[in-house]
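Written below as structure tokens is the structure these notes are about.
Quick note: residue numbers are just sequence positions, from 1.
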Amino acid sequence: MAGAEFLFAIAILIMSVVVHEFSHGYSAYLLGDPTAKYAGRLTLNPIKHLELFGSFLVPLMTYFAGGFILGWAKPVPYNPYNLKNQRWGSAIVGVAGPFANLFVAVFFGLFLRFGIGAGFLPYSFFQILSSIVFINIILAVFNLVPIPPLDGSKLLFAVLPASLSNMQEFLEKFGFFLVLAFIIFFPGAILPIIEFLFSSVVGTGF
């Protein structure tokens with residue numbers, strides 16, 4: 001990946017993680033929790049969401065370790081006790097971010113499938129649109145890994161029986177280190193899922 005392409009990919013990543021975090025905050029707001037609004041996080045302004053480690057250093061690490069770009073923004077704060085649905089509220093807030101990224105991926109993937117693929121758009125748009133689709137799919141799949149603080153953990157904890165509460169405590173205690181280990185040692189573990197979704201969204205022949 002050339003320097004200019006890498007910087008462009010970083011720009012796509014930044015806007016994608018902003019959409020991701022905004023979706024968390026907005027879903028919590030719709031469920032009755034105004035915490036994100038009061039914190040000034042119900043905005044698409046990147047300055048409000050980005051952090052040095054997850055938004056800049058991790059993308060560099062994953063690029064050199066696995067050849068793809070991965071990262072995140074500051075988690076949007078929310079109070080689960082304010083949510084109208086106490087059983088599934090946190091899970092809904094959790095999956096809202098990955099769902100938003102999948103929506104973006106499908107939206108731009110349609111241009112690849114029916115625009116460029118059918119000859120209605122110039123091929124020069126291919127790299128731009130494919131990067132948007134690919135990065136958003138990466139974010140969606142990565143964040144659905146069921147390790148805290150990733151979003152998949154909220155869905156896991158919503159269905160986890162009370163008898164396995166010790167597992168939840170362990171994951172919450174060591175989750176950050178487990179995520180780092182996952183990024184460093186297993187960056188390619190989710191690539192088959194990502195590649196399958198990418199080909200499913202944009203179609204074959206690209």
Side-chain angles (χ1 to χ4, degrees), residues 8-31 36 41-44 46 49-50 54-55 58-59 62 66-76 78 85 88-117 121 125-159 179 182-183 186-206:
F8 183 72
I10 289 290
I12 294 175
L13 174 69
I14 287 174
M15 293 311 301
S16 300
V17 296
V18 167
V19 169
H20 181 102
E21 292 301 329
F22 172 82
S23 300
H24 283 316
Y26 191 65
S27 62
Y29 180 74
L30 291 178
L31 289 172
R41 300 292 300 278
L42 287 187
T43 176
L44 294 175
H49 297 283
L50 302 183
S55 306
V58 169
T62 54
F68 62 93
I69 292 180
L70 182 64
W72 58 79
K74 291 186 294 186
V76 166
Y78 81 99
N85 189 328
W88 296 103
S90 292
I92 294 172
V93 172
V95 300
F99 179 82
N101 290 127
L102 285 176
F103 177 83
V104 171
V106 171
F107 179 82
F108 286 98
L110 292 177
F111 285 96
L112 282 175
R113 181 187 287 266
F114 300 110
I116 296 175
L121 292 174
F125 279 89
F126 169 75
Q127 188 171 2
I128 296 174
L129 296 180
S130 61
S131 295
I132 294 174
V133 173
F134 195 66
I135 288 175
N136 275 276
I137 289 176
I138 289 175
L139 287 175
V141 174
F142 173 69
N143 278 284
L144 286 174
V145 173
I147 305 174
L150 300 180
D151 303 323
S153 65
K154 295 181 176 63
L155 183 59
L156 172 65
F157 296 157
V159 300
V179 170
F182 183 83
I183 292 173
F186 306 102
I190 58 176
L191 277 181
I193 301 174
I194 293 168
E195 292 171 352
F196 170 77
L197 291 176
F198 180 81
S199 63
S200 298
V201 169
V202 306
T204 58
F206 290 100

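Judged as a side-chain contact (heavy atoms from CB on, under 4.5 Å), and not counting sequence neighbours, the contacts of Y26 are F22, Y29, L30, L42. Every residue two or more places apart in sequence or in another chain was checked for a ring pair (Phe, Tyr, Trp, His ring centres under 6.0 Å) with F142, and none qualifies.
In the model, H20 has no side-chain atom that pairs as donor or acceptor with a side-chain atom of N136 under 3.5 Å. Y78 and S27 share no donor-acceptor pair across their side chains, judged by distance under 3.5 Å alone.
Between L70 and I135, the closest side-chain pair of non-hydrogen atoms is not below 4.5 Å. Two residues are said to be in side-chain contact when any heavy atoms from C-beta on lie closer than 4.5 Å; F157 and P146 fail this criterion.
N101 places a side-chain N or O within donor-acceptor distance of the main-chain N or O of S16, the cut-off being under 3.5 Å. Between the side chain of R113 and the backbone N or O of S200 there is at least one donor-acceptor pair closer than 3.5 Å. Of the possible donor and acceptor atoms, none in the side chain of S153 sits under 3.5 Å from a partner among the backbone N and O of P149. Between the side chain of H24 and the main chain of V93, a donor-acceptor pair closer than 3.5 Å is present. Between the side chain of E21 and the backbone N or O of H49, no donor-acceptor pair lies under 3.5 Å. Judged by distance alone, with hydrogens and angles left aside, the side-chain atoms of S131 form no donor-acceptor pair with the main-chain N or O of A9 at under 3.5 Å.
Smallest separation of non-hydrogen atoms from A105 and I137: CB-CG1, 3.7 Å. Considering every non-hydrogen atom in both L112 and V202, the closest pair reads CD1-CG1, 3.4 Å. When all heavy atoms are compared, the tightest approach of W72 to V58 is CH2-CG2, 3.7 Å. Across all non-hydrogen atoms, the minimal contact from G71 to L139 is O-CD2, 3.2 Å.
Atom CD1 in I190 sits 10.5 Å away from atom CD in E195 (nearest 0.5 Å).
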_With side chain to side chain contact (heavy atoms under 4.5 Å, CB included) as the criterion, how do V95 and D151 come out once you've worked through the C-alpha distance, each side chain's angles and the decisive distance to 0.1 Å?_
CA-CA 6 Å; V95 300; D151 303 323; over 6 Å; no
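The aromatic rings of F103 and F107 sit parallel, their planes meeting at an angle under 30°, below the 60° perpendicular limit.
More than 12 heavy atoms of other residues, nucleotides or ligands shown are found within 6.0 angstrom of CZ on F182.
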